[in-house]
Amino acid sequence: MKLSKTFWKRLAVICVAVVALAVGGLLNVYYTTTLSNGASGGTGQGGQSGNGALLLVSSYTDSQLVQKILDAMVSGADVQAVYDSIPLYQLNGITYEEFYQYVGLLKQFTDGKADTYENMTISEREAVQKRIVSHSNEYKKVAYTSSYFWLKNSAISGESERLPLVIQKNIQGEPYLSRDWVTRSINIYDYSNLYFSVLENGNVDELSLLVWSDIEDPSVREYKAEKLIQYYQNREFDFDASMSVTSIRMDEIAFEQRFDAMSGGDTDEMDYSQRTISIISPGKDVFEVIDEAPMTLEKTDQIIYAGENELFGVGEYVYSDHLTELIGAPDEVIRHPLPDWIEYPDDTEAMLVDVQYPNFTLQVIGYSPADDDRWEGVVRTVSLLRPGVRTGSGIEIGSETKELLLRYPFMDQHGYSIYDSRVELYAGRKDGGLVSVIITDHSYNQRYRASERR
């Protein structure tokens, strides 16, 4: 059988490709082995590193890459030699300057004490992956294909003073250091430096451009900036000595802050001896500062008015006759057995009563005869439905989101919920205005009370 010229041409192309791949692989081994001469080695938990391994393979495992980073973090290390020992494709275009800066940050955040590593547990890894993806779907692929480690000091046991480190993998599952990950981690750190510098200097105008806000309104941003500056200044916060980085990734940098003493401040603010704040990056060169001056729900916003008439306070014991005199009889009263998750003291006759009025609904823990619409009890929840009823400060259906944030400027960081020790106010929004306002007293909620005890 006579073979065509096309067949011979295709066979020749295949042979050339195979030879090229073989030569490329040999050159890569030679290149890697040559560059590794003089590079520092070492062994970390879970993997072997050092020059000997490079004589057999042309690339590092994920554990060996972690060890190489640790080698570069050692005081007095030859960072250039470590960088040169890593194959080019595992550097993913990272320049020496970028590698040096990234390793320097890791060293700084571990106080130069990290000398080993360990793999994250499955639950730890899943928690970090979930948080990464929550910041942007852009991160889903890198989150679920990477390897997760802790950098730590071998002399310290437990979970304290660990820094997470993530090693990326390509589509073939081969580990590498992502240039995008490294440079964006550096960028988010630089942004945090800018934020804290402006905050420490107390410049409201500059800080208003850096704080995150759900709505782009200059007055809201300025109010946020004012409250943040006031919060830190009242506590005489030491930005150098009282703050440490607990995590740095391309999507987020997290800080632990320690407040040694309370030095005044508004009475509506909650005191924290320790707290965590973060700066997240949902996309390249986009940053959102998640920091707040903590505030609580004011008592006046737990009281409901119709016009100038005070109707009731959430958590108060109310009689239906009182409301009937002010606004008329309810549209409907629905009775339910008291559910197991509500704890009402020493009364087996109590029930859960839903009361419908034209502009709002109530949920009451108390009593209501089956033969009429009278009721009495503790107001557990009120839901505002239409304009005409409001809280003491004027929060009502149709209020602008801007007005709400000028009263509680950091509600947008908490899904538009704000609390005091027992009562929560939630505001639902659409097209810049409030479409629902729900105020709930959690005092009788067993699950809520259990979480408070924890």
For this session: Take Leu384 and Ser436, measure what side-chain contact (heavy atoms from CB on, under 4.5 Å) needs, and give me the verdict at the end.
Result: CA-CA 6 Å; Leu384 308 188; Ser436 67; over 6 Å; no

Exercise. So, do Leu106 and Ile69 sit near enough that their side-chain heavy atoms are less than 4.5 Å apart?
Worked result: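 The answer is yes, as the side chains (C-beta and beyond) meet within the 4.5 Å cut-off.
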
Measuring from [X]:[atom1] to [Y]:[atom2], what's the distance to the nearest 0.5 Å?
{"X": "Leu163", "Y": "Met73", "atom1": "CG", "atom2": "CE", "value": "7.5 Å"}
{"X": "Ile304", "Y": "Leu362", "atom1": "CD1", "atom2": "CG", "value": "8.5 Å"}
{"X": "Leu199", "Y": "Ser192", "atom1": "CG", "atom2": "OG", "value": "12.0 Å"}
{"X": "Lys113", "Y": "Ser75", "atom1": "NZ", "atom2": "OG", "value": "13.5 Å"}
{"X": "Ser247", "Y": "Glu256", "atom1": "OG", "atom2": "CD", "value": "12.5 Å"}
{"X": "Met120", "Y": "Gln129", "atom1": "CE", "atom2": "CD", "value": "9.5 Å"}

Just by distance, no angles: are the side chains of [X] and [Y] close enough, under 3.5 Å, to form a donor-acceptor pair?
{"X": "Tyr305", "Y": "Thr391", "answer": "no"}
{"X": "Thr296", "Y": "Asp420", "answer": "no"}
{"X": "Ser320", "Y": "Arg374", "answer": "no"}
{"X": "Thr440", "Y": "Glu424", "answer": "no"}
{"X": "Thr61", "Y": "Ser63", "answer": "no"}
{"X": "Asp214", "Y": "Tyr416", "answer": "yes"}
{"X": "Gln90", "Y": "Ser59", "answer": "no"}
{"X": "Asp180", "Y": "Ser178", "answer": "no"}
{"X": "Gln274", "Y": "Gln257", "answer": "no"}
{"X": "His135", "Y": "Glu288", "answer": "no"}
{"X": "Glu376", "Y": "Tyr317", "answer": "yes"}
{"X": "Ser393", "Y": "Arg407", "answer": "yes"}

Exercise. Among Phe255, Phe237, Tyr232, which residue meets the ring pair (Phe, Tyr, Trp, His ring centres under 6.0 Å) test with Phe196?
Worked result: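 Only one of Phe255, Phe237, Tyr232 forms a ring pair (Phe, Tyr, Trp, His ring centres under 6.0 Å) with Phe196, namely Phe255.
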
For this session: Show your working on ring pair (Phe, Tyr, Trp, His ring centres under 6.0 Å) between Phe259 and Tyr231 and close with a plain yes or no.
Result: CA-CA 11 Å; Phe259 295 89; Tyr231 178 73; 5.7 Å; yes

For this session: Could you label the plane-to-plane angle of the Tyr191 and Phe287 rings as parallel, tilted or perpendicular, counting under 30° as parallel and over 60° as perpendicular?
Result: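 The rings of Tyr191 and Phe287 lie parallel, inter-plane angle below 30°.
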
For this session: Check the pair Asp115, Ser154 against side-chain hydrogen bond (donor to acceptor under 3.5 Å, both in side chains), reporting the backbone distance first and the verdict last.
Result: CA-CA 6 Å; Asp115 59 3; Ser154 57; 2.9 Å; yes

Could you check whether any side-chain N or O of [X] sits under 3.5 Å from a backbone N or O of [Y], counting only pairs where one atom can act as donor and the other as acceptor?
{"X": "Ser146", "Y": "Ala143", "answer": "no"}
{"X": "Ser136", "Y": "Glu138", "answer": "yes"}
{"X": "Gln233", "Y": "Gln230", "answer": "no"}
{"X": "Gln168", "Y": "Val166", "answer": "yes"}

Between [Y] and [X], is there a salt bridge with N-O shorter than 4.0 Å?
{"X": "Arg221", "Y": "Glu216", "answer": "yes"}
{"X": "Glu174", "Y": "Lys169", "answer": "no"}
{"X": "Asp301", "Y": "Arg390", "answer": "no"}
{"X": "Arg162", "Y": "Glu124", "answer": "yes"}
{"X": "Glu118", "Y": "Lys152", "answer": "yes"}

For this session: Report, as yes or no, whether the 6.0 Å neighbourhood of atom CD on Gln172 holds more than 12 heavy atoms from other residues, nucleotides or ligands.
Result: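 Correct, the count exceeds 12.
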
Exercise. Does the ring pair (Phe, Tyr, Trp, His ring centres under 6.0 Å) test come out yes or no for Tyr189 and Phe109, once each step is laid out?
Worked result: CA-CA 11 Å; Tyr189 171 72; Phe109 301 153; 5.5 Å; yes

For this session: Flag this pair as yes if the NZ/CZ of Arg380 is under 6.0 angstrom from the six-membered ring centre of Tyr444 and inside a 45 degree cone about the axis; otherwise no.
Result: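 The answer is no, since Arg380 fails at least one limit relative to Tyr444.
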
For this session: Would you sort out whether Tyr357 and Phe360 count as a ring pair (Phe, Tyr, Trp, His ring centres under 6.0 Å), showing the intermediate values?
Result: CA-CA 5 Å; Tyr357 288 92; Phe360 65 93; 4.9 Å; yes

Exercise. What's the verdict on side-chain contact (heavy atoms from CB on, under 4.5 Å) for Leu425 and Val437, showing C-alpha distance, side-chain angles and the deciding distance?
Worked result: CA-CA 7 Å; Leu425 184 150; Val437 177; 4.3 Å; yes

